[in-house]
Protein chains: 2
Amino acid sequence: MQNKKILAIDMDEVVADAVPRFVEWYERDTGIFLTPQEIHGGEAWDAVRPEHRELASKYVYKKGFFRDLPVMKDSQEVIMELMTHYEVFFASAAMPFKYSLEEKHDWLEEHFSFVPNTHWVLCGAKHIINADFLIDDRSKNFERFRGTGILYDSPHNQKETRYHRVQNWQEIREYFL
Amino acid sequence: MQNKKILAIDMDEVVADAVPRFVEWYERDTGIFLTPQEIHGGEAWDAVRPEHRELASKYVYKKGFFRDLPVMKDSQEVIMELMTHYEVFFASAAMPFKYSLEEKHDWLEEHFSFVPNTHWVLCGAKHIINADFLIDDRSKNFERFRGTGILYDSPHNQKETRYHRVQNWQEIREYFL
């Protein structure tokens, strides 16, 4: 029986950076390079030209989108440190994206194998997660969550003020340790 | 905001019958047909001849094992009825079996599309599930679970006496409705 508090961590835009993949595919398909300034303040798929919106909105459903995403800076080291004080789970809303299931499994195996796969959760709605804390970039995931939501800063969540916001993994380290 | 109690339902040996697939593959590979009597009281992979144990223990890790499993009798009708009174999630310990992820997704899409995919959870350890009830054939999943465990009768759990046991989906219907 463990008595550590349970910390659940979202994947996309928290430990895995999906924006570069989006920018890469969009440039591949249209020749247009989206700058961080263009994406800031909204969803990446809203920053595209109107005539490309349908194309861009389908990227996350395609094979390969979630494979080989860059790891968020410092996340591995900080999570390894957090695990001595917390029971850490990954909790990713993967279910609408069928091909992401195996890709997220492989990605965690590659980059976070020190978190046992008993502690990887691929889900949809996150109020099913029984954790004391949830670090997530989408505040909708906190609405029925039983614990404390920690908002990971992301271009699309700039207007959200209801939750404690962290800008990076060093700030998470400070908050929890 | 929903106020229904949350009911989490395991997949294998609760809504999906994996034993026929095991028996089928074992007969295909060895020519030996395992009877229900031989499996009763233990795990299917323990009922095989000692020289086949390694072979049989690998079946669940192979592609195709979890696809096209038969649906447990009455489970669809009863779950549909339960959904008017409970918020229903599926919660399956799929993570050790990489290929099962997509196969379980497709299986649910085929047989249980009336449960939205926001309510499908593929996980490992089940104490991460924030539900009021969990119907499962493995009592180890109840040990740190915060709600009430309901044990679905299965060949391997015959000696377990600590939890309320149900034999079939009609008994689940009676318990919950």
B:Glu54 atom CD, over 12 foreign heavy atoms within 6.0 Å: no
Option that, when pairs with chain B are counted at under 4.5 Å, heavy atom only, ranks first among A:Leu108, A:Asp106, A:Leu122: A:Leu122
ILVMFWY cluster, [X] and [Y] together (side-chain gap under 4.5 Å):
| X | Y | value |
| --- | --- | --- |
| B:Tyr86 | B:Val121 | no |
| A:Ile128 | B:Phe114 | no |
| A:Phe145 | A:Leu7 | no |
| B:Trp107 | A:Tyr99 | no |
| B:Phe176 | B:Leu134 | no |

Among B:Ala94, B:Ala125, B:Cys123, B:Ala8, residue most engaged with chain A (heavy-atom pairs, under 4.5 Å): B:Ala125
Which portion of A:Ile6 sits near chain B, non-hydrogen atoms under 4.5 angstrom: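 When you check distances to chain B, only side chain atoms of A:Ile6 fall under 4.5 Å.
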Separation between CZ of B:Arg146 and CZ of A:Arg146, rounded to the nearest 0.5 Å: 7.5 Å
Tell me the closest heavy-atom pair linking [X] and [Y], and the distance in Å.
| X | Y | value |
| --- | --- | --- |
| A:His105 | B:Leu101 | CB-CD1, 3.7 Å |
| B:Met95 | A:Trp120 | CE-O, 3.4 Å |
| A:Asn117 | B:Pro96 | ND2-CA, 3.7 Å |
| B:His127 | A:Phe89 | NE2-CZ, 3.7 Å |

